[in-house]
Number of protein chains: 2
Amino acid sequence: MAKRNEATRGRLSREAIIVSAVALADAEGLDAVTIRRLAQEHGVTPMAMYWHFNDKDSLLDGLAEHLIEAVQLPEPGDAPWDQELREILDAFLAAIRPHPALAGLAMRRILAAESGLLIAERVLGLLRRGGFAPAQAAEVGTFLICSIITLAVADAVPGPPPTGEEREQALRDKRARLESLPPGRYPNVIAAAPALVVCRDEDDYFSLNLDLLVGGLHGLRRG
Amino acid sequence: MAKRNEATRGRLSREAIIVSAVALADAEGLDAVTIRRLAQEHGVTPMAMYWHFNDKDSLLDGLAEHLIEAVQLPEPGDAPWDQELREILDAFLAAIRPHPALAGLAMRRILAAESGLLIAERVLGLLRRGGFAPAQAAEVGTFLICSIITLAVADAVPGPPPTGEEREQALRDKRARLESLPPGRYPNVIAAAPALVVCRDEDDYFSLNLDLLVGGLHGLRRG
DNA sequence: ACCTGAACACCGTTCAAGT
DNA sequence: ACCTGAACACCGTTCAAGT
């Protein structure tokens, strides 16, 4: 389909492959990100990829790193630790939100590259300022990052994102199914049906649960 | 390899397939759960599976349902709402913990089957008792469940679980890498290295972060 | 240094056909 | 009702070879 210099002028490169992989994941989901498919988009044979990446897993490593590098870490300030932590978590979420299909890749790869290590260092430092011992900070910090990723992944349907029209229809069906449940047994599911099938406002959803996470830190016993 | 009645005496059945798929996922990870592999273990051709499941996705639906059905929902009592909620989240985590490779399947499938709807109804009911409006309860409740799943998924390495020996080695390597980082830039990562690479006690890790989640509810504005 | 050709062992899935 | 045979369009990966 794509001739050689359509996607990249000149040579094939790690960066060019990663950029097209990100676009592909955004458009059609992570399952569409395939060695063979990427090769085709660059007008190259599948084996050419193996010069730039050891295997598919290291391609995914590259995607995760690319994602994490996009995080715009705020400068350290003199705000209270919890407020500064919140800003970092906001920045992290802002960076991965546009790529829900890829966000999950970051879960087990934050400590693999420098950009992720910098984030971890900041988060751990703030938690220590908040009174957490190193091991506790590690456990809580890991969970915080994973939870943010979970927030971003939550609105990723696996496979190709459906078109607006069929998506609307699927949501209507799902909501109708919930609302036609026996009212005696499921009163709360029925009452919450609209919000269960799709949140009213994504920003509200995110900030509500970020409030929960950061607020929850204050109740924990330190030591 | 396996003769016909090794894995199942008599006929093939949905349940028998699911049970062997769970065992396979536990032993070798979700990637090993393959139509062809399962067929082989039941001494049957791959196409036989398509009589029992529409496609692979509905097999995964079945696995998720199987997992959620294992949740031992505590009886409703007269404990405070947050305490009862905590018990439900504990029960949920206890059920999915043994199957980290499968836990992720439950994320988008809780509302698909009755067992999950019952859990959702209880969680939503308790959140409403805690003062949350229906839509807010939906958003917080969804996040709570997803976070619990994240906790369980967190210690699932994709692919076949490595043997004890090579796992130990991999963890030692990872820890050594973190500890040999420049101390000027990464003091907190270095201090937390042991806990970042593997938590001392999994129960502690889980209960610490469950405390965070449930405690975080109290700080949220209701309405 | 960078890429191709040919081949291997896998996937999920369909469709017609057997009992 | 339950399963098979044959076929299709995909995967990731290796290895020797070309320029």
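Given the structure is predicted, the values throughout are model-derived calculations rather than measurements. In the text below, chain A, chain B and the rest are named by the order of the sequence lines, each starting its count at 1.
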Exam field: side chain [X] to backbone [Y], donor-acceptor pair closer than 3.5 Å:
| X | Y | value |
| --- | --- | --- |
| B:R185 | A:L118 | no |
| A:R109 | A:L105 | yes |
| A:R177 | B:A112 | yes |

- Query: What's the spacing between B:Y186 OH and B:L178 CG if we round to 0.5 Å?
  - Reply: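 Reported to 0.5 Å precision, the distance equals 10.5 Å.
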- Query: Between the side chains of A:R172 and A:Q169, is a donor N or O closer than 3.5 angstrom to an acceptor N or O?
  - Reply: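 On atom types as modelled, these side chains qualify, holding a pair under 3.5 Å.
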- Task: Using distance alone, with no hydrogens and no angle criterion, decide if B:H52 and B:S13 have a side-chain donor and acceptor under 3.5 Å apart.
- Result: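 Checked: B:H52/B:S13 side chains show no N/O donor-acceptor pair below 3.5 Å.
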- Task: Using atom CH2 of A:W51 as one end and atom C1' of C:dC2 as the other, report the distance to the nearest whole Å.
- Result: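 Those two atoms, CH2 and C1', are 6 Å apart.
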- Whole angstrom is fine here: how far is it from CZ in A:F53 over to P in C:dC2?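 One finds 13 Å between P of C:dC2 and CZ of A:F53, rounded.
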- Think A:H52 has a side-chain N or O under 4.0 angstrom from the OP1 or OP2 of C:dC3?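 Yes, such a contact exists.
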- Do the charged groups of A:R86 and A:D90 touch, with an N to O distance under 4.0 Å?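 Yes.
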- Using a strict 4.0 Å threshold on nitrogen-to-oxygen distance, state whether B:R36 and B:E41 make a salt bridge.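 Here B:R36 does not pair with B:E41 in a salt bridge, since their nearest N and O are not under 4.0 Å apart.
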- Task: For nucleotides 9-15 of chain D, just jot down a letter per nucleotide in 5' to 3' order: B, S or -, based on protein non-hydrogen atoms under 4.0 Å.
- Result: --BBBB-
- Mind checking which stems touch DNA chain C? I mean at least 3 consecutive Watson-Crick or G-U pairs, both distances under 3.5 Å.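 Stem list for DNA chain C: C:4-8 with D:12-16, C:12-16 with D:4-8.
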